[in-house]
Structures are given as structure tokens and as C-alpha cells.
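A short worksheet on the structure shown next.
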Amino acid sequence: MTSLMHRQRGPRSRLAFLAQSEAELRASSEPSAMLFVRIRDFDEFRSRHGYARADALSDAVCDALASLLRPGDSGCRIDEGAFAVFLGRLLSHNHALLAANRLQRMLQTELAVDGQALPVESAIGIANGQPGDASVETLLGQADSASQLALARRSAVERRVAPRPHEEIPKTALRDAILGNRMQIWLQPIWHLRRRQIVGVESLARWLDSEYGLVSPGDFVPLAERSGLIGDFTRWCLNATLRHAVELRKLRPEMHVNINFSPRLFAEADIVEQVVDALKLWEVPPEAVMLEVTENATMEDAERSAPMLARFEQAGIGVALDDFGIGHSSFAYLRQFPVGALKIDQSFVRDIRDFERARQLVRAMIDLTHRLGVTSIAEGVEDAGTLQLLEEMGCDCVQGYHIAHPQPAEVFIESLRT
Ligand code: C2E
Ligand code: CA
Ligand code: CA
């Protein structure tokens with residue numbers, strides 16, 4: 001098994017990298033790790049020194065990463081100023097930490113561009129893998145989150161302690177985290193293609209636990225739903241997001257905030273009043289808020305959902321149908337549900353560069369939104385090619401790593417200030 005550094009940015013080299021490391025993960029009986037390496041202030045470097053020099057810097061970082069690789073390892077340039085390295089055969093997970101520390105020092109002290117020393121600060125996230133473990137894509141996502149955390153904390157390296165499967169996280173730990181204010185709100189911008197500006201943000205929860213590490217909402221939201229904590233959790237998110245919305249709208253009064261909302265809350269008869277009261281408390285106008293409900297959960301209990309959505313609409317609060325396209329959508333439901341936006345699921349968006357069929361489906365979904373007079377938001381836009389295709393298709397808004405990763409709310413708001 002040879003080692004390989006995929007230097008080109010873009011989906012093709014990322015796919016090759018994922019395929020190679022996936023094969024290695026499956027074949028190996030030793031621990032493995034994914035490192036996600038971000039160059040701090042890369043955008044600033046590029047605006048100051050130009051694209052050519054930024055590319056030269058990326059090449060130099062690739063060289064540094066390549067020098068770490070041993071047989072069974074592979075690396076990839078993921079994005080502007082972002083790289084991933086898969087370490088396939090480790091003696092122990094501590095070796096991943098050693099590698100990350102070595103890399104961080106190397107970038108700080110040994111990097112040179114055009115023969116000139118160029119010290120670079122990095123933020124590295126580590127996700128540990130075990131034989132027979134989750135897919136490398138999961139590891140990549142976990143390492144990415146950990147590197148975001150390193151960026152936000154201005155630390156060099158953060159480790160993502162693999163949580164036990166969420167069945168094993170005790171309900172009490174989640175309850176303590178919610179009630180003890182140990183959840184965080186991260187924000188990801190929503191970009192309007194025609195207006196060429198950020199028109200809003202989506203609020204995404206994060207749970208940072210000393211024992212379980214950074215637990216993603218994909219892991220703890222289902223637990224919250226199963227264990228009756230989803231009401232408390234959503235109320236916490238609502239209030240915490242509105243608190244940030246107040247700061248955000250002082251800087252950009254036109255921006256709206258999207259809040260993920262579990263349709264399980266529709267079982268609470270006074271849920272609309274609860275949301276309206278929270279808006280009054282924070283003095284945020286209803287039109288500045290959009291609730292995101294997943295297509296599936298909403299359709300599952302359409303009889304209960306439809307009147308609730310209508311009441312939210314009467315209160316002036318918009319609703320977006322999330323993960324549109326993967327659930328059991330039906331045109332009859334769309335007639336019944338007053339929604340202001342459809343969020344096209346990332347699984348379609350991801351494929352439009354490579355597959356004609358996905359392109360046609362996404363085009364049809366965008367046309368549908370226009371006919372219904374609602375906003376189309378494409379999720380999971382990861383590269384310029386995808387962005388351009390969506391623009392040509394007349395999509396209204398986009399969201400995704402290519403525009404910006406989710407960031408801790410304070411960090412995002414601070415970046416608007418500067
Ligand atoms: P979602 O509402 O579909 O959120 C989008 C997810 O895609 C987020 O994951 C976001 O970080 C990720 N993402 C954004 N851009 C890209 C991209 O370009 N590529 C890829 N591969 N992923 C991208 P996250 O934050 O892990 O959230 C996962 C899900 O958890 C959310 O899916 C949402 O359903 C749920 N969730 C998150 N926050 C909350 C919350 O406060 N309340 C509730 N009820 N659910 C939440
Ligand atoms: Ca969402
Ligand atoms: Ca979604």
C-alpha cells in the first residue's frame with residue numbers, strides 16, 4: 001500500500017482520497033486517525049498577496065503534509081487553506097497527536113515559499129478511528145468540527161474524542177448539558193445568489209462535553225427526541241439563537257435567522273405562543289425568523305403539522321421545509337403546507353457537477369419553488385463549480401462549506417464587525 005497526496009482541490013481528488021482511505025480503514029487492524037488542517041487567516045493572506053502566492057503557499061503545505069505520509073496514509077487538499085490527512089496504521093492514537101504537533105511546528109518554522117521562510121499558523125482537528133469503525137467521511141466530518149473548534153479557541157490542536165454510540169450517552173448527561181448551558185450555537189451564512197450578499201444564517205447546535213468530546217447534533221438530537229428532552233433543547237436553542245440574533249441585527253438589520261425546529265414540538269398546544277413570546281422578549285420581529293422543519297417529520301403527522309404551520313404563518317413567522325427531496329414529499333402536502341422556502345437536500349446538490357440526472361432533479365426542484373412563489377435554498381455547496389451551476393439554474397440562495405463553514409456564533413458575529 002503506497003501513500004498518496006492528492007494536491008488538486010475539488011471533488012474528484014477528494015473522492016479519490018476518500019476511496020483510498022476508506023479501503024485502508026477497512027483493510028487495517030490498527031488504529032487510524034484523520035487530521036483536518038486549516039491554515040489560519042488564509043483568506044486574508046490571499047487578499048493581501050494574491051492568488052498565485054496563495055497557491056504557492058498551498059503547494060508548500062501539501063509538501064509538508066506529504067513528508068508525514070507513510071505507507072497506507074493519504075492526504076488531500078480539501079478547500080482553500082484546508083487539508084486532510086488520513087493516517088492508516090498507527091501504533092496508538094497518541095501517535096496521531098504527535099504527528100499533528102510535529103506538523104504544526106513544521107508549518108510554523110520550516111515552511112518556505114519561493115525560497116523565503118513563511119511561518120504559517122494552523123488549526124488542526126483530529127478524529128480517531130478504530131478498525132471496523134465509521135466511514136472515513138464521518139471521520140473527516142468529525143476532524144473538520146474539531147479543527148473549527150481549534151480555530152475558534154485559537155488553539156493549535158483539538159482532538160475529537162469519539163463518543164460512544166449515542167445509545168450509550170446517558171440521558172442525564174444530555175439533560176445536564178442542556179440545563180447547564182453547555183450547548184453552543186454555531187452559525188452558517190445563507191448567501192443570496194442574485195443579491196450577492198449574506199441574507200441570513202442558520203443556527204446549528206453543538207454539544208461540547210468534557211467526556212464525550214464534540215457531539216454532533218446528528219448524534220444527540222435523536223437522543224433528545226427519544227428521551228423527551230427535545231422540548232427543553234429546542235427552547236434553549238430558540239432563546240440562545242435569538243440572543244445572538246439581537247447582536248447580529250445590530251450590525252446587519254436585514255438579516256434573518258433560521259432555527260431548526262423539531263416537529264415533535266407541534267404536540268405542545270401552545271408552541272406558537274411560546275415562540276411568539278420568546279420573540280417579544282428579545283424584541284426580534286417575527287419576519288426575521290424562519291423555522292426549519294424536516295420534510296419527513298412534518299409529513300409523518302400531516303394532520304397535526306398543517307394547522308401548526310398555518311398558525312406560525314399567521315403569526316408572521318416563516319417556515320422552511322428542510323432536507324427537501326429525500327423524504328416522502330407529495331404535491332398534495334405542498335398544497336396544504338404554507339412554507340416560505342424549500343431547502344434542497346445536500347445529497348442532490350453534492351452530485352450535480354458529476355451527474356446529469358441529479359442536475360435535472362435539482363433544476364426541477366428549483367422550478368417548483370418558483371412556481372410556488374417560495375425561496376429555493378441549496379444546501380451543501382462545497383465548490384465553485386456547483387455554485388455556478390446553481391446560479392445558472394436560477395436558485396435563490398445557497399449554503400455550504402464553499403461559502404463558509406458553521407462557526408461559533410460569537411466568532412461569526414465578530415467577523416461581521418471587522
Ligand atoms: P441540517 O438542518 O440539514 O443542517 C445542515 C448540516 O449540514 C449541518 O450539520 C451543517 O454543518 C452541514 N453542512 C453545512 N454545509 C455543508 C457542506 O457544504 N457540506 C457538508 N457535507 N455538510 C454541510 P450539523 O450542524 O452537524 O447538523 C446536523 C443536523 O442536526 C441538522 O441538519 C439538523 O437537522 C440537526 N440540528 C442542528 N442543530 C439543531 C438544533 O438546534 N435543533 C434541532 N432540532 N436540530 C438541529
Ligand atoms: Ca436545517
Ligand atoms: Ca438540511
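Residue indices begin at 1 and follow the sequence shown. Ligands are counted one by one from 1 in listed order, and the atoms in each one are counted from 1 as well.
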Item checked: Thr234-ligand 1 polar pair, N/O distance under 3.5 Å -> no

Note to self: Counting non-hydrogen protein atoms only, what is the nearest one to atom 28 (C) of ligand 1? Give residue, atom name and distance.
What the structure shows: Pro217 CG, 3.9 Å

Next item on the list: Please name the pair of heavy atoms, one in Ser122 and one in Gln104, separated by the smallest distance, quoted to 0.1 Å.
Entry: OG-CG, 3.6 Å

Margin query: At under 4.0 Å between heavy atoms, is it the side chain or the backbone of Ala205 that contacts ligand 1, or both, or neither?
Written below: both

Item checked: Polar proximity ligand 1 side, Gln188 side, N/O cut 3.5 Å exclusive -> yes

Margin query: Between Ser262 and Leu265 (side chain of the first, backbone of the second, donor and acceptor by atom type, cut-off under 3.5 Å), is there such a pair?
Written below: no

Next item on the list: Measure His402 to ligand 1 on non-hydrogen atoms and call it side chain, backbone, both or neither using the 4.0 Å cut-off.
Entry: neither

Check: Does Gln346 approach ligand 1 within less than 4.0 angstrom via side chain, backbone, both or neither, non-hydrogen atoms only?
Finding: side chain

Check: Side chain or backbone of His405 under 4.0 Å from ligand 1, or both, or neither, by non-hydrogen atoms?
Finding: neither

Checklist line | Identity and separation of the nearest protein heavy atom to atom 10 (C) of ligand 1 | finding: Leu204 CD1, 3.8 Å

Check: Does Phe324 reach the side chain of Thr369, with side-chain heavy atoms less than 4.5 Å apart?
Finding: no

Note to self: Minimum heavy-atom separation for Pro338 and Ala306, please, with both atom names.
What the structure shows: CD-O, 4.5 Å

Item checked: Val221 contact mode with ligand 1 (heavy-atom cut-off under 4.0 Å) -> side chain

Check: Just by distance, with hydrogens left out, do Trp282 and Asn239 show a side-chain donor and acceptor under 3.5 Å apart?
Finding: yes

Next item on the list: Using only heavy-atom distances, determine whether the side chains of Asp396 and Thr375 contain a donor-acceptor pair under 3.5 Å.
Entry: no

Notebook entry, point to check: So which heavy atom in the protein is nearest atom 11 (O) of ligand 1, and how far is it from that ligand atom?
Noted result: Pro406 CG, 3.4 Å

Check: Given the protein's heavy atoms, is any one of them under 4.0 Å from atom 32 (O) of ligand 1?
Finding: no

Checklist line | Nearest non-hydrogen partners of Val272 and Ala315, listed with the distance | finding: CG1-CB, 4.3 Å

Checklist line | Lys/Arg cation over aromatic Phe45: Arg53, 6.0 Å, 45° cone | finding: no

Next item on the list: Can you pull out the closest protein heavy atom to atom 3 (O) of ligand 1? Residue, atom name and distance to 0.1 Å, please.
Entry: Asp323 OD1, 3.2 Å

Next item on the list: Find all atoms of ligand 1 within a distance of less than 4.0 Å from any non-hydrogen atom belonging to Glu202, and give their numbers and elements.
Entry: 2 (O), 4 (O)

Notebook entry, point to check: What is the closest protein heavy atom to atom 16 (C) of ligand 1, and at what distance does it sit?
Noted result: Tyr401 CE2, 3.1 Å

Next item on the list: List the closest protein heavy-atom neighbour of atom 42 (N) of ligand 1: residue, atom name, distance to the nearest 0.1 Å.
Entry: Phe233 CE2, 3.3 Å

Check: Between Gln184 and Trp186, is any side-chain donor less than 3.5 angstrom from a side-chain acceptor?
Finding: yes

Checklist line | Proximity flag Arg206 to ligand 1, non-hydrogen atoms under 4.0 Å | finding: yes

Next item on the list: Looking only at non-hydrogen atoms, find the nearest pair between Ala123 and Arg40 and report the distance.
Entry: CB-NH2, 3.7 Å

Notebook entry, point to check: Side chains of Arg38 and Ser147: do they bring a donor and an acceptor to under 3.5 Å?
Noted result: yes

Next item on the list: Verify whether one side chain among Ser155 and Glu158 offers a donor that lies under 3.5 Å from an acceptor in the other.
Entry: yes

Check: Should the proximity of Ile259 to ligand 1, defined as any heavy atom under 4.0 Å, be assigned to the side chain, the backbone, both, or neither?
Finding: neither

Margin query: Checking side-chain polar atoms at under 3.5 Å, does Ser58 have a donor or acceptor matched by the opposite partner on Asp55?
Written below: no

Next item on the list: State whether a side-chain donor-acceptor pair under 3.5 Å links Gln407 with Gln148.
Entry: no

Note to self: No waters, cut-off 3.0 Å: how many protein N, O or S atoms are close to the Ca ion (ligand 3)?
What the structure shows: 4

Note to self: With respect to the Ca ion (ligand 2), please indicate if Asn258 possesses an N, O or S atom at a distance under 3.0 Å.
What the structure shows: no

Next item on the list: Just jot down the ligand 1 atoms closer than 4.0 angstrom to any heavy atom of Glu379, in number order.
Entry: 3 (O), 5 (C)

Note to self: If we set the cut-off at 4.0 Å for heavy atoms, which region of Trp186 has an atom near ligand 1: side chain, backbone, both, or neither?
What the structure shows: neither

Check: Does a side chain donor of either Glu392 or Gln388 reach within less than 3.5 Å of an acceptor in the other side chain?
Finding: yes

Next item on the list: Go through Asn181 and Trp236 one step at a time and tell me if the side chain to side chain donor-acceptor pair (under 3.5 Å) criterion holds.
Entry: CA-CA 8 Å; Asn181 238 335; Trp236 183 89; 2.7 Å; yes

Check: Backbone or side chain, does any N or O of Ser216 fall under 3.5 Å from an N or O of ligand 1?
Finding: no

Check: Of all N, O or S atoms in Glu202, which has the smallest distance to the Ca ion (ligand 2)?
Finding: OE2

Notebook entry, point to check: What are the two closest heavy atoms between Ala16 and His6, and how far apart are they?
Noted result: CB-CE1, 3.6 Å

Notebook entry, point to check: Which is it for Asp322 and ligand 1 at heavy atoms under 4.0 Å: side chain, backbone, both or neither?
Noted result: side chain

Check: From atom 36 (N) of ligand 1, is the closest protein heavy-atom distance below 4.0 Å?
Finding: yes

Check: Going by distance only, is there an N or O of Ser203 that falls short of 3.5 Å from an N or O of ligand 1?
Finding: no

Notebook entry, point to check: What residue and atom, counting heavy atoms only, is the protein's closest point to atom 21 (N) of ligand 1, and at what distance?
Noted result: Glu382 OE2, 3.1 Å

Next item on the list: Could you pull out the closest heavy-atom pair between Ile198 and Trp191, with the gap in Å?
Entry: N-CE3, 3.6 Å

Next item on the list: Just need the protein heavy atom nearest to atom 41 (O) of ligand 1, so name the residue and atom and give the distance.
Entry: Cys237 SG, 3.2 Å

Check: Are any of the side-chain heavy atoms of Glu225 and Arg264 separated by less than 4.5 Å?
Finding: yes

Note to self: Please tell me whether Gln274 and Arg235 have a donor and an acceptor in their side chains that are separated by less than 3.5 angstrom.
What the structure shows: yes

Margin query: Taking distance alone, with N or O pairs closer than 3.5 Å, would you say Asn260 contacts ligand 1?
Written below: yes

